[in-house]
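Down below is the structure, laid out as structure tokens.
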Amino acid sequence: MLSQPRMDSLDNPTAYQVGLVLLGVGSMLVLSSFFALGFTGTFLGDYFGILKEARVTTFPFNILDNPMYWGSTANYLGWAIMHASPTGLLLTVVVALIYVVAILYEEPFTAEIYQQKSSQIHKRS
């Protein structure tokens, strides 16, 4: 990205500061998501049957669905803006679209496995 042409309209201190803010917000979302989910929850624990007691609803999940995806997207966007990179902006759009597709498949799966877990717990009671 650094070796690509720069976008003149983004090559200014204000845009750089906006990029820094996006990078900070994105990093906060990604890191707080990781701390809320833990290692296994972050790295496909749900897919391997390693479930939490209940679906995580604490910060940042209480303000935003899929904060790790949107935080990562904010990081890419912030980096692209900071470096006035049209290529970075295009790649950010591609990443965001891929995350949207992933969310369309992942959300129903996650809801289903936690609903099944809740049903099993109520049957045992």
Side-chain angles (χ1 to χ4, degrees):
M1 193 168 68
L2 296 176
S3 66
Q4 299 295 315
R6 295 175 67 88
M7 186 180 237
D8 290 335
S9 60
L10 289 179
D11 202 2
N12 62 68
T14 302
Y16 190 87
Q17 290 172 350
V18 168
L20 275 176
V21 168
L22 284 167
L23 199 59
V25 169
S27 296
M28 186 248 333
L29 288 171
V30 170
L31 290 172
S32 60
S33 298
F34 178 79
F35 290 129
L37 292 172
F39 184 84
T40 55
T42 299
F43 298 107
L44 304 176
D46 293 353
Y47 293 96
F48 296 107
I50 306 168
L51 301 178
K52 298 220 159 265
E53 289 300 316
R55 194 165 179 176
V56 176
T57 57
T58 59
F59 182 81
F61 294 92
N62 61 347
I63 61 164
L64 183 66
D65 286 335
N66 306 293
M68 195 168 285
Y69 289 150
W70 298 122
S72 294
T73 303
N75 286 340
Y76 296 130
L77 181 59
W79 188 256
I81 291 172
M82 286 171 60
H83 296 285
S85 172
T87 304
L89 293 174
L90 178 63
L91 290 173
T92 299
V93 170
V94 170
V95 166
L97 290 173
I98 290 169
Y99 283 157
V100 167
V101 170
I103 289 166
L104 291 174
Y105 287 97
E106 187 177 273
E107 275 298 315
F109 174 76
T110 303
E112 176 67 25
I113 60 175
Y114 278 101
Q115 183 180 19
Q116 287 176 3
K117 182 174 182 171
S118 177
S119 295
Q120 289 172 353
I121 290 171
H122 289 312
K123 285 180 184 177
R124 291 181 200 160
S125 303

Say you draw a straight line from [atom1] of [X] to [atom2] of [Y]; how long is it, rounded to the nearest 0.5 Å?
X     : Y     : atom1 : atom2 : answer
Ile81 : Leu22 : CD1   : CG    : 5.5 Å
Leu90 : Gln4  : CG    : CD    : 10.5 Å
His83 : Tyr16 : NE2   : OH    : 6.0 Å
Leu20 : Met82 : CG    : CE    : 4.0 Å
Ser85 : Leu91 : OG    : CG    : 7.5 Å

Is there a continuous path of hydrophobic side-chain contacts, each under 4.5 Å between heavy atoms, that joins [X] to [Y]?
X     : Y      : answer
Ile63 : Trp70  : yes
Phe35 : Val30  : yes
Val95 : Val100 : yes

- Side chain of Asn12, backbone of Ala15: donor and acceptor closer than 3.5 Å? yes
- Query: Ignoring hydrogens and geometry, is there a side-chain-to-backbone donor-acceptor pair from Arg6 to Asp11 under 3.5 Å?
  - Reply: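 Not a single qualifying donor-acceptor pair exists.
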- Only counting residues at least two apart or in another chain, list the ones meeting side chain to side chain contact (heavy atoms under 4.5 Å, CB included) with Met7. Ser9, Leu10, Pro86, Leu89
- Item | Leu37: partners by side chain to side chain contact (heavy atoms under 4.5 Å, CB included), with sequence neighbours left out |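 Applying side chain to side chain contact (heavy atoms under 4.5 Å, CB included) to Leu37 gives Thr42, Val56, Phe61.
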- Show your reasoning for whether side-chain contact (heavy atoms from CB on, under 4.5 Å) applies to Met28 and Phe59. CA-CA 11 Å; Met28 186 248 333; Phe59 182 81; 3.5 Å; yes
- Taking only residues two or more places apart in sequence or in another chain, which ones pass salt bridge (charged side-chain N to carboxylate O under 4.0 Å, His left out) with Asp65?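 Residues passing salt bridge (charged side-chain N to carboxylate O under 4.0 Å, His left out) with Asp65: none at all.
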- For the residue pair Leu29 and Leu64, what are the closest heavy atoms and their distance? CD1-CD2, 4.0 Å
- Task: For residues Ser32 and Pro60, report the shortest heavy-atom separation together with the two atoms involved.
- Result: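 Taking Ser32 first and Pro60 second, the nearest heavy atoms are OG-CG, 3.3 Å.
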- Message: Do Tyr99 and Asn66 make a side-chain contact, defined as non-hydrogen atoms from C-beta onward lying under 4.5 Å apart?
- Response: no
- Query: Using the ring of each side chain (for Trp, its six-membered ring), is Phe39 parallel, tilted or perpendicular to Phe34, with breaks at 30° and 60°?
  - Reply: perpendicular
